[in-house]
Amino acid sequence: MEKPADTEYPIHDLLRRRWSPRAFGDRPIEPEMLLSLFEAARWAPSSNNQQPWRFLVAMKENKAEYDRLFNCLVEGNQTWAHRAPVLLLSVAELQFEDGSLNRHALHDTGMAVENLVIQATTLGLVAHQMAGFRIDQARGDCQIPDGYEPVAMIAVGYPGNPALLSDRLRAREVQPRVRKPVTEFVYSATWEQPLPLFR
Ligand SMILES: Cc1cc2nc3c(=O)[nH]c(=O)nc-3n(C[C@H](O)[C@H](O)[C@H](O)COP(=O)(O)O)c2cc1C
């Protein structure tokens with residue numbers, strides 16, 4: 001199923017087509033595709049080229065590892081994410097080498113994830129990011145050291161059949177994708193002053 005964005009202004013087709021489905025197919029992801037996703041993440045820009053992102057990877061073939069990430073998900077996400085063949089956990093390194101705070105660590109980790117998600121779209125895969133997971137459990141079970149922050153779980157796989165979702169989730173799956181209008185979040189160089197372009 002596709003849900004391309006209904007845009008106000010033209011954007012690249014990949015950006016229109018990326019979305020966050022809950023219906024995943026059972027088909028595993030080919031290893032070379034998975035490697036392409038991480039290569040895409042690798043080339044994200046970052047403050048001071050610090051590359052603060054890390055990815056923990058769990059494939060369904062390895063049940064112990066898959067369950068380790070899966071069991072951290074809140075139940076609402078488990079109900080659909082269990083079909084995804086791969087679960088990722090993005091983690092941000094919070095400090096520079098000299099110990100000072102990297103206040104763009106989460107920003108840059110999100111950039112790497114967006115690269116990964118867009119690469120997934122080019123390969124016919126889908127990815128769904130999740131904030132709904134137990135952070136302390138992930139920290140403990142995955143042995144994430146101090147100074148690193150678990151950021152988001154990401155379910156990755158091939159698109160699946162929405163008919164396999166519960167009635168409630170299927171209804172959400174087919175709802176149109178909505179966004180604020182551009183004018184609501186783009187200002188001139190003074191807070192909340194409209195950009196003349198929009199007048
Ligand atoms: C950081 C982040 C956390 C999210 N957490 C969840 C989540 O826990 N469960 C869920 O079903 N969707 C989650 N989403 C998906 C968003 O709800 C989704 O991106 C948003 O509704 C826009 O829809 P679209 O991605 O299809 O355009 C998350 C997305 C992001 C980027």
Side-chain angles (χ1 to χ4, degrees), residues 1-25 37 40-41 44 46 52-58 66 68-94 103-139 142 144 148-162 164-182 184-185:
M1 190 183 133
E2 298 248 326
K3 273 210 312 195
D6 182 12
T7 62
E8 292 178 65
Y9 304 100
I11 61 173
H12 196 285
D13 194 48
L14 276 171
L15 300 174
R16 286 186 70 229
R17 283 177 25 234
R18 182 220 58 80
W19 72 295
S20 304
R22 293 183 176 82
F24 283 83
L37 301 187
S46 62
W53 49 80
R54 304 286 186 279
F55 290 94
L56 303 190
V57 183
Y66 191 88
R68 191 173 307 138
L69 291 195
F70 181 78
N71 290 336
C72 294
L73 293 175
V74 297
E75 284 62 27
N77 284 330
Q78 288 186 348
T79 56
W80 55 266
H82 67 91
R83 284 202 187 80
V86 173
L87 292 176
L88 308 175
L89 174 59
S90 66
V91 177
E93 181 184 21
L94 298 175
R103 65 178 293 272
H104 290 98
L106 297 179
H107 170 96
D108 294 349
T109 300
M111 303 252 279
V113 171
E114 179 67 350
N115 265 21
L116 183 154
V117 168
I118 293 295
Q119 182 66 30
T121 310
T122 71
L123 297 171
L125 299 168
V126 288
H128 193 135
Q129 298 166 66
M130 292 167 276
F133 70 99
R134 289 176 281 273
I135 293 161
D136 287 341
Q137 185 180 336
R139 222 187 263 291
C142 302
I144 297 167
Y148 290 81
E149 184 66 20
V151 183
M153 289 275 192
I154 311 158
V156 190
Y158 282 95
N161 183 358
L164 298 178
L165 295 170
S166 66
D167 290 350
R168 194 179 62 84
L169 289 183
R170 194 175 335 109
R172 283 176 77 177
E173 195 81 344
V174 298
Q175 266 170 10
R177 295 172 57 213
V178 289
R179 289 298 191 271
K180 296 171 185 169
V182 175
E184 263 189 44
F185 64 88

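In listed order, ligands and their atoms are each counted from 1.
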Mind telling me whether H104 and H107 have parallel, tilted or perpendicular rings, with 30° and 60° as the class edges? perpendicular

For atom 15 (C) of ligand 1, what is the closest protein heavy atom, and at what distance to 0.1 Å? H128 NE2, 3.5 Å

Quick one: does R179's side chain get under 4.5 Å of E8's, heavy atoms only? no

Please confirm whether F133 comes under 4.0 Å of ligand 1, counting heavy atoms of the residue only. no

Contact atoms of ligand 1, heavy-atom distance to W19 under 4.0 Å: 26 (O)

Answer side chain, backbone, both or neither: which part of R177 comes under 4.0 Å from ligand 1, heavy atoms only. side chain

Looking only at distances, can you tell me whether any N or O atom of A152, backbone or side chain, sits closer than 3.5 Å to an N or O atom of ligand 1? no

Do C142 and R68 have side chains that get closer than 4.5 Å, going by heavy atoms? yes

Using modelled atom types and a 3.5 Å cut-off, is there a donor and acceptor pairing between side-chain atoms of R177 and backbone atoms of S20? no

At their closest point, which heavy atom of L73 faces which heavy atom of R134, and how far apart are they? O-NH2, 3.1 Å

Would you please determine whether M153 falls within less than 4.0 Å of ligand 1 on a heavy-atom basis? no

Can you confirm whether L116 sits close enough to L88 that some side-chain heavy atom of one is under 4.5 Å from a side-chain heavy atom of the other? yes

Ligand 1 to W80, heavy atom cutoff 4.0 Å, flagged ligand atoms 11 (O)

Do L169 and E173 make a side-chain contact, defined as non-hydrogen atoms from C-beta onward lying under 4.5 Å apart? no

Tell me whether R22 reaches ligand 1 (any heavy atom closer than 4.0 angstrom to a ligand atom). yes

Considering only protein heavy atoms, determine whether one is less than 4.0 Å from atom 21 (O) of ligand 1. no

Grab the two heavy atoms, one from P150 and one from I135, that are nearest each other, plus how far apart they are. CG-CG2, 3.9 Å

Evaluate R179 for polar contact with ligand 1, using N/O atom pairs at a separation under 3.5 Å. yes

If you have a sec, work out which protein heavy atom is nearest atom 19 (O) of ligand 1 and how many Å separate them, to one decimal? S20 OG, 3.3 Å

Quick one: nearest non-hydrogen protein atom to atom 9 (N) of ligand 1, plus distance? N77 OD1, 2.8 Å

For G132, atoms of ligand 1 separated by under 4.0 Å from a heavy atom: 8 (O)

Using the side-chain contact (heavy atoms from CB on, under 4.5 Å) definition, which of the options T122, L123, T121 pairs with L125? L123

I'd like to check the ring pair (Phe, Tyr, Trp, His ring centres under 6.0 Å) partners of H82; sequence neighbours left out, ordered by chain and number. none

Nearest non-hydrogen protein atom, atom 31 (C) of ligand 1: Q129 OE1, 3.5 Å

Write out the residue and atom name of the closest protein heavy atom to atom 5 (N) of ligand 1, then the distance separating them to 0.1 Å. A131 N, 2.7 Å

